Every structure is written in structure tokens, then in C-alpha cells.
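None of these values were measured; they are calculated from a predicted model.
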Amino acid sequence: MKKTIFLLKILILYFYITLSYATGQQSYLNKGIELYKNKQFDQSKVLFERDLVFNPKSEKSYLYLAKIFNKNENKEEEEINLNNVLLLNPKNDEALYMLILIKIDQSDYKGVEKLIKQFSLVCNNFCSKEDEIKKKFNKLTP
């Protein structure tokens, strides 16, 4: 009987620790988004990076890091994070849009052309930006 009670206590402790651990991970993302909205980019960047330590498949953390690097005009890091978002979710139209703009700045004609085709297939929230992209692409056309 004592062994059963002991095992039950261990099981309850295990579930409690697991639940608090999972809640803590989600709070990094939520706190990071809150700080990002308040334009506290350096502090939110740290929280998004912490979230990625615990959840390397956090699409939102990569996207917000890309947005932060965009604000800091660090195109290389922005592109890396956008590519990570697209690896996790190839249908993320916001990441596609941001990556297209980077590729246009780099004058990567073939890369832009490929991304525009992909963007046309998956656009949901950023479909209104398609005309803007095509105009910028036409200026790039050799």
C-alpha cells in the first residue's frame, strides 16, 4: 500500500513538473510578442531565442526574430530566420512576402520568380501585397 501511495505521489509530481515546464515555454513566446508590440526589440529577441531553445519548431519565434532583424536592418539574419519559418511551414505567406522583398533587394531574379509562384499559391493574409510584389519584380526584370 505504501509503495502505491509513493508511486502515485511521484506520478503527480511528474505531471505537475511537466505541466509547469510546458506553461513556462509558452510564456516566453507570449511575453516576447507583448514586448515586440511595445517596441522593446532587444528584450523580446532574448525571449524568442529562449523559446527556440525549448521549442526549436516555433514558427512564430523565427518569424518575430526575422521582424526584429528587419527593424535592425540585418538582412542576413532576417533571411536565415525567414528560411527557418518556411522550412517549418512553406505556406506562411508573411514569411514569403518578407523573403521576396529581400530577394528583390539582392536582385535575385530567379529566386524572386520562384518565390512569387509559391506566394501566389498560398497567399491568405497578404494577397493584397501581390500587386506590389509584381511591380517591384517588373523593375527587376532583365
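- Taking every heavy atom of both residues into account, Ser58 and Leu52 meet most closely at O-CD2, 3.8 Å.
- Under the 4.5 Å side-chain contact rule for hydrophobic residues, Val112 and Tyr109 share a cluster.
- Residues Asn83 and Leu99 come closest through the heavy atom pair OD1-CD2, 3.4 Å.
- Contacts of Lys57 classified as salt bridge (charged side-chain N to carboxylate O under 4.0 Å, His left out), with partners at least two apart in sequence or in another chain: none.
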Self-check item: Pair Ser61-Leu29, side-chain contact (heavy atoms from CB on, under 4.5 Å): steps then yes or no
Solution: CA-CA 7 Å; Ser61 288; Leu29 177 63; 3.5 Å; yes
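- Rounding to the nearest 0.5 Å gives a distance of 11.0 Å between CG of Leu82 and CG of Leu87.
- The side-chain hydrogen bond (donor to acceptor under 3.5 Å, both in side chains) contacts involving residues 84-102 comprise Glu59-Asn89, Glu59-Asn92, Lys67-Glu94, Tyr97-Glu132, where partners must be two or more places apart or lie in separate chains.
- Within the structure, the salt bridge (Lys or Arg N to Asp or Glu O under 4.0 Å) test picks out the following pairs touching residues 76-87 (sequence neighbours left out): Lys75-Glu78, Glu79-Lys103.
- Once rounded to the nearest 0.5 Å, the distance linking CD of Gln106 with CG of Leu101 reads 11.5 Å.
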Please list, one pair per line, the donor and acceptor atoms closer than 3.5 Å that link side chains of residues 42-49 to other protein atoms, with sequence neighbours excluded.
unit_1, atom_1, unit_2, atom_2, d
Ser44, OG, Gln40, O, 3.2
Ser44, OG, Phe41, O, 3.0

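- Of all heavy-atom pairs spanning Val53 and Pro56, the tightest one is O-CD, 4.4 Å.
- Atom NZ in Lys60 sits 9.5 Å away from atom CG in Leu63 (nearest 0.5 Å).
- Considering CG of Leu115 and CD1 of Ile104, their distance stands at 9.5 Å, rounded to 0.5 Å.
- Atom CG of Leu86 sits about 11.0 Å away from atom CG of Asn81, to the nearest 0.5 Å.
- Rounding to the nearest 0.5 angstrom, the gap separating the CD1 atom in Ile100 from the CZ atom in Phe119 is 6.0 Å.
- In this structure a side-chain-to-backbone donor-acceptor pair under 3.5 Å is present from Gln118 to Pro90.
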